[in-house]
Amino acid sequence: MSEIALQWKGVTLAFGEAAPVLQAANLRVAAHEFLCIVGPTGCGKSTLLNLAAGLLAPSAGLIEVFGKPLAGINRRAGYLFQGDALLPWRNARENVAAGLIFHGRPRAIARAEADEWLGRVGLSAAAERYPHQLSGGMKKRVALAQMLALKPEILLMDEPFSALDVQTRSLMENELLALWSAKRRAVVFITHDLEEAIALGDRVVVMSAGPASRPVGEFVIDLPRPRDVAEIRMTPAFVDLHREIWQLLKGEVQKAYAAGVEART
Amino acid sequence: MKLFIARAGLLLALLALWYGLTEHGLLPPFFFGRPQLVGEVLVRWIGSGMIFRHLGVTLLETTLAFVIGIALGVSSGLWLGLSPRVAALLDPFIKACNAMPRVVLAPIFATWFGLGIASKVALGITLVFFVVFFNVYQGVKDVNPLLVANARMLGATPRALVRHVYWPSAMSWVFSSLHTAVGMAFVGAVVGEYLGSAQGVGYLILQAEGSFDINAVFAGIVILTVCALALDAMVTLAEQRFLKWRPGSAGANT
């Protein structure tokens, strides 16, 4: 296995007396690997990511980034959030430039770099627009450019495309794969959509139903690259993988559902 | 345009009603004045230029109260919004100060600062401060945590967070409070003058009232209303200039 970019070592996260969100979770991501994490609702997938980002600190255990224990914000990672995290008072260009300015780049240079990145995600024409003037897909592209402009070695993505319509979503997935293939970095991609996970990932990890969830299974996705996310779903190899992983995931989803019903009655 | 004509028509109709009722003795002109006499007073005040001296004083007081009140309100709001422990300590005191009807402070300010401009500005500041303060405080506390998390991931230091996330977020709240704040500053100036002064529009109204010149009282009210509308329009202009990123604002339509 190549260099480990990110590793969760026996990570537990609990708030107060309540049952822990995560319990002794172990997981590792290689430096050029695209890892997808699937699991039922409320299984702490986002928590796993927030821990890796340094936005949360584990109650027990350790996060390692390229072999060094993480304290505070993970400076080698970029984070693509599920919700809309663009600054509403900055236009697309200024949003992408923001991270560069935070890193001490002079304004003019930051803007030029931002324009370059907007071009790469196909949004050159929309540089002057404010977030509320952009569609959901365009906002995601700006956020993607904002993150990639800082050239992070680890990309953390929390269901980034879940709010998009199906067509836009396939487009964005293909674009993400193209950008990633051009320069391979460690990716941790959270999704509740197993098909998306298989279409994108090198490896799919299934999380157990919460609380006290942890990874319960992992599957290597040996589908050839480059992939087209819409077409690959039709191949027999994809269908076989889907069946195999779904066997495990189904059980966890049912557990989560049963717990949800119990909690409500 | 149609709407404009309808509005002008409504205004004329109201004036005509006022004229008709007072002209034919249905309402006593002594208490209700007469529109044509109010107009005469206005022409006299403006023609002699006498009104401008008083109006200048009132507007100066308003502007000073507005600017100082906003500066204090914004800085305290940012400070308390970012320091929850200080906010928890001061919370009951702030609530008490806000609950107090602050117009009653006017006599105290008059004894402290005299009958000149300073006492009116002080009254205006106490009115403006709380409007702005509460909006900024709330604005800072209600900043979308996702924006903060994203900015931190993009490498923002605590200082950069204040400057690029908390501050602009609070500014949008400040602007929504400015319409109220400018009105408050105006109220502070006029009420202060009314309670004791030697110049200003509030003083003019007080003088007219003392000599039972109800038409001059109405003329003073007309002047104040026109000025308040003009101030409000200026705030709207500033808002369109600075909040063009906001959905639905005039500069944002594409």
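Values below: all heavy atoms of this structure, side chains included; hydrogens, waters and symmetry mates excluded. Quick caveat, the model's predicted, so the values are computed rather than measured. First the proteins, then the strands, lettered A, B, ... as listed; each starts at 1.
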Proximity breakdown for [X] and chain B, heavy-atom pairs closer than 4.5 Å:
{"X": "A/Y130", "value": "side chain"}
{"X": "A/D84", "value": "backbone"}
{"X": "A/L86", "value": "backbone"}
{"X": "A/Q146", "value": "both"}
{"X": "A/Y79", "value": "both"}

Item to check | Residue among B/L231, B/V182, B/L127, B/V121 satisfying side chain to side chain contact (heavy atoms under 4.5 Å, CB included) with B/F66 | outcome: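 For B/F66, the side chain to side chain contact (heavy atoms under 4.5 Å, CB included) test succeeds with only one of B/L231, B/V182, B/L127, B/V121, which is B/V182.
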Of the backbone (N, CA, C, O) and the side chain (C-beta and beyond), which part of [X] lies under 4.5 Å from a heavy atom of chain A, both, or neither?
{"X": "B/S169", "answer": "both"}
{"X": "B/R163", "answer": "side chain"}
{"X": "B/V148", "answer": "neither"}

**Request:** Go through B/H179 and B/D232 one step at a time and tell me if the side chain to side chain contact (heavy atoms under 4.5 Å, CB included) criterion holds.
**Result:** CA-CA 6 Å; B/H179 290 282; B/D232 198 64; 2.8 Å; yes
Exercise. According to the interplanar angle, ranging from 0 to 90°, do the rings of A/F189 and A/F161 count as parallel (below 30°), tilted (30 to 60°) or perpendicular (above 60°)?
Worked result: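 Answer is tilted, since the angle falls between 30° and 60°.
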Chain B: which of A/A77, A/P88, A/G83 shares the most heavy-atom pairs with it under 4.5 Å?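 Top count of heavy-atom pairs under 4.5 Å with chain B: A/P88.
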Which one wins on heavy-atom pair count under 4.5 Å against chain B: A/L87, A/N74, A/L80?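 Among A/L87, A/N74, A/L80, the one with the most close pairs to chain B is A/L87.
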How far apart are the C-alpha atoms of A/R169 and A/D193, what are their side-chain angles, what is the distance that settles it, and do they pass the side chain to side chain contact (heavy atoms under 4.5 Å, CB included) test? CA-CA 12 Å; A/R169 193 168 164 177; A/D193 179 352; 3.0 Å; yes
With a 4.0 Å cut-off, would you call B/K95 and B/D91 a salt bridge?
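Looking at B/D91 together with B/K95, the answer is yes, because their closest N to O distance falls below 4.0 Å.
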message = Does B/M100, at its CE atom, have more than 12 non-hydrogen atoms belonging to other residues, nucleotides or ligands within less than 6.0 Å?
response = yes
Discussion item. Counting only heavy atoms not in A/W180 (residues, nucleotides, ligands), do more than 12 fall under 6.0 Å from its CH2?
Written reply: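 Correct, the count exceeds 12.
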- Query: Is there a side chain to side chain donor-acceptor pair (under 3.5 Å) between B/E193 and B/H54 once you walk through the steps?
  - Reply: CA-CA 10 Å; B/E193 286 166 1; B/H54 292 287; over 6 Å; no
| Between B/R152, B/H164, B/M171, which residue shows the highest count of heavy-atom pairs closer than 4.5 Å to chain A? |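 Looking at each option in turn, the highest pair count goes to B/H164.
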